[in-house]
Participant: 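Can you read through this structure? Questions will come right after.
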Amino acid sequence: MEAVIATPKRVKRKAGAGVFLSPAVIILLIWSLIPLVLTLWYSFQNYNLVDPTLKGFAGFSNYVYLLTDPDFLYALLNTVLLVLGVLVISVGGGVLLAVLYDQDFFGRGIARVLVISPFFVMPTVSALLWKNLMLHPIYGVYSAMMRAVGLQPIDWLAHYPMQTVMMIVAWEWLPFAVLILLTAVQSLDHEQKEAARMDGAGPIARFRYIILPHLSRAITVVIMIETIYLLTVFAEISVTTSGGPGVASTNLAFLIYSRALLQFDIGGASAGGVIAIIIANIIAAFLVRAVARNLEA
């Protein structure tokens, strides 16, 4: 009897919760689906901002033109190199710094705050800081240091554009990796490390067989989150190199921006956006499965 009476109450509660949640769900769907649908629509249209006579259904011509454009292949390769390079620097450096900052030393609290602080600097500000204060060939800090030892300053953004952008982005994301990995290191049982030390295991052996396996899950999470965000790096490239020289530092996100707002080809830029969404979703699905398998293990 109680179950019969309780069932309508549960249904009413669920219906009431659905009524209260429906505005948020509707707003979220409108906010996410409408831009996606419009991007998909424009990718099949001839739409150029400086030529209003060019209009109509384009079919797959925007996709064919983009996929056969050498700039797209360069941008895709630069995107892959940027993501892999930043991951190697941030994850590798993050592991080493996390192990270091887990040790007791004078000023450890200040050192932790300093290593995490770059993560709170906006990407545009970080790019301006490195471009004008650190790497400027005339009055940059690194140029002054090179002149002080008798070396010729280097115009990093002109000669090594992709590597320089990679360094700037890695500087921004290294604190995130340190924060996550340091938390994982601190969760490791100190008795286990002490037992290994008493058994004669050296620092390298303890790192290889105890600390690194313990960090595997945290490393996987860091790789997943950073990869998703690194696929959309834009501000650092726009502020420092503008994708140049040529397309030497153009990634997929900047190529889409260039097609839309520099070449005014909205149809081609929309096709690039759709391709970028497909690539990002494929990578995200692969990374989520990898994280799930790692957590289950």
Side-chain angles (χ1 to χ4, degrees), residues 24-49 54-87 90 122-124 162 165-166 169 172-173 176 220-239 241-243 247 249-293:
V25 175
I26 293 173
I27 292 175
L28 181 61
L29 289 176
I30 293 174
W31 178 66
S32 59
L33 288 181
I34 289 180
L36 179 60
V37 171
L38 286 176
T39 301
L40 187 62
W41 167 258
Y42 283 124
S43 69
F44 292 102
Q45 301 295 315
N46 289 315
Y47 184 21
N48 194 292
L49 294 178
L54 183 62
K55 57 184 179 180
F57 184 70
F60 288 94
S61 61
N62 289 326
Y63 291 92
V64 173
Y65 177 77
L66 181 68
L67 293 174
T68 55
D69 187 359
D71 290 350
F72 173 78
L73 297 179
Y74 279 113
L76 192 60
L77 177 61
N78 286 336
T79 303
V80 174
L81 292 177
L82 178 62
V83 172
L84 293 179
V86 174
L87 284 177
S90 61
M122 299 298 293
T124 305
M162 199 66 230
V165 172
M166 190 183 301
V169 178
E172 296 171 1
W173 281 97
F176 173 78
T220 307
V221 172
V222 170
I223 291 175
M224 181 188 69
I225 296 175
E226 285 195 13
T227 301
I228 294 173
Y229 280 93
L230 292 174
L231 291 172
T232 61
V233 169
F234 171 77
E236 296 85 347
I237 296 175
S238 178
V239 171
T241 64
S242 295
V247 291
S249 59
T250 297
N251 67 344
L252 195 55
F254 191 85
L255 179 68
I256 296 171
Y257 159 80
S258 175
R259 288 292 169 84
L261 299 179
L262 298 181
Q263 302 176 21
F264 306 105
D265 183 9
I266 303 300
S270 299
V274 173
I275 294 174
I277 291 172
I278 294 173
I279 294 174
N281 278 275
I282 293 173
I283 295 175
F286 173 78
L287 291 174
V288 168
R289 290 185 179 182
V291 171
R293 287 196 299 267

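This is a predicted model, so every value here is computed, not measured.
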Participant: Please name the pair of heavy atoms, one in L40 and one in Y63, separated by the smallest distance, quoted to 0.1 Å.
Facilitator: CD1-OH, 4.1 Å

Participant: So does L252 get a backbone contact from the side chain of T79, meaning a donor-acceptor N/O pair under 3.5 Å?
Facilitator: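 Present.
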
Participant: With a 4.5 Å heavy-atom cut-off, do L76 and I279 have their side chains touching?
Facilitator: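 When only atoms from C-beta onward are counted, I279 and L76 do touch, with a gap below 4.5 Å.
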
Participant: Report yes if some heavy atom in the side chain of I237 is under 4.5 Å from a heavy atom in the side chain of T250; otherwise report no.
Facilitator: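 No, every pair of side-chain atoms sits at 4.5 Å or beyond.
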
Participant: Any chance CZ of F234 has more than 12 other-residue heavy atoms, nucleotides or ligands included, within less than 6.0 Å?
Facilitator: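 For F234, atom CZ is crowded (more than 12 foreign heavy atoms under 6.0 Å).
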
Participant: Give the minimum heavy-atom separation between P35 and T39, together with the two atoms involved.
Facilitator: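 That would be O-OG1, 2.7 Å.
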
Participant: Test your reading of the model: is there a side-chain donor-acceptor pair from N62 to the backbone of Q45, 3.5 Å cut-off?
Facilitator: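 Yes: the side chain of N62 pairs with the backbone of Q45.
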
Participant: Assign the ring pair F57 / F44 to parallel, tilted or perpendicular, where the plane angle (0 to 90°) is split at 30° and 60°.
Facilitator: parallel

Participant: Check for a donor-acceptor pair, side chain of D69 on one end and backbone N or O of Y65 on the other, with a separation under 3.5 Å.
Facilitator: no

Participant: How close do F176 and E226 get, counting heavy atoms only, and between which atoms?
Facilitator: CD2-OE2, 3.8 Å

Participant: How many angstroms lie between atom CG of L87 and atom CG of L82, to the nearest 0.5 angstrom?
Facilitator: 9.0 Å

Participant: With a 3.5 Å distance limit and no angle check, can you tell me whether S258 reaches the backbone of F254 through a side-chain donor-acceptor pair?
Facilitator: no

Participant: May I ask you to decide if G243's main-chain N or O and N78's side chain share a donor-acceptor pair within less than 3.5 Å?
Facilitator: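 Absent.
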
Participant: So, for S249 and M162, which heavy atoms are closest and what is the spacing to 0.1 Å?
Facilitator: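 Smallest interatomic distance, heavy atoms only, reads CA-SD, 3.7 Å.
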
Participant: In Å, rounded to the nearest 0.5 Å, how long is the span from CG of L67 to CD1 of I275?
Facilitator: 4.0 Å

Participant: How many angstroms lie between atom CD1 of I225 and atom CG of L287, to the nearest 0.5 angstrom?
Facilitator: 10.5 Å

Participant: Quick one: pull up CG in L66 and CG in L73 and give me the separation to the nearest 0.5 Å.
Facilitator: 9.0 Å

Participant: How far apart are the C-alpha atoms of I277 and L36, what are their side-chain angles, what is the distance that settles it, and do they pass the side-chain contact (heavy atoms from CB on, under 4.5 Å) test?
Facilitator: CA-CA 9 Å; I277 291 172; L36 179 60; 3.6 Å; yes

Participant: So which atom in P123 and which in A235 form the shortest heavy-atom distance, rounded to 0.1 Å?
Facilitator: CB-CB, 4.0 Å

Participant: Which distance, rounded to the nearest 0.5 Å, do you find between the CG of L38 and the CD1 of I266?
Facilitator: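 L38 atom CG to I266 atom CD1 measures 12.0 Å (nearest 0.5 Å).
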
Participant: Measure the CG-CE distance between L230 and M166 for me, rounded to the nearest 0.5 Å.
Facilitator: 10.5 Å

Participant: Locate the shortest heavy-atom distance separating A58 from S61; write the atom from each residue and the value.
Facilitator: O-OG, 2.8 Å

Participant: So if I apply the side chain to side chain contact (heavy atoms under 4.5 Å, CB included) rule between V86 and each of V169, T227, V233, which one comes out positive?
Facilitator: V169

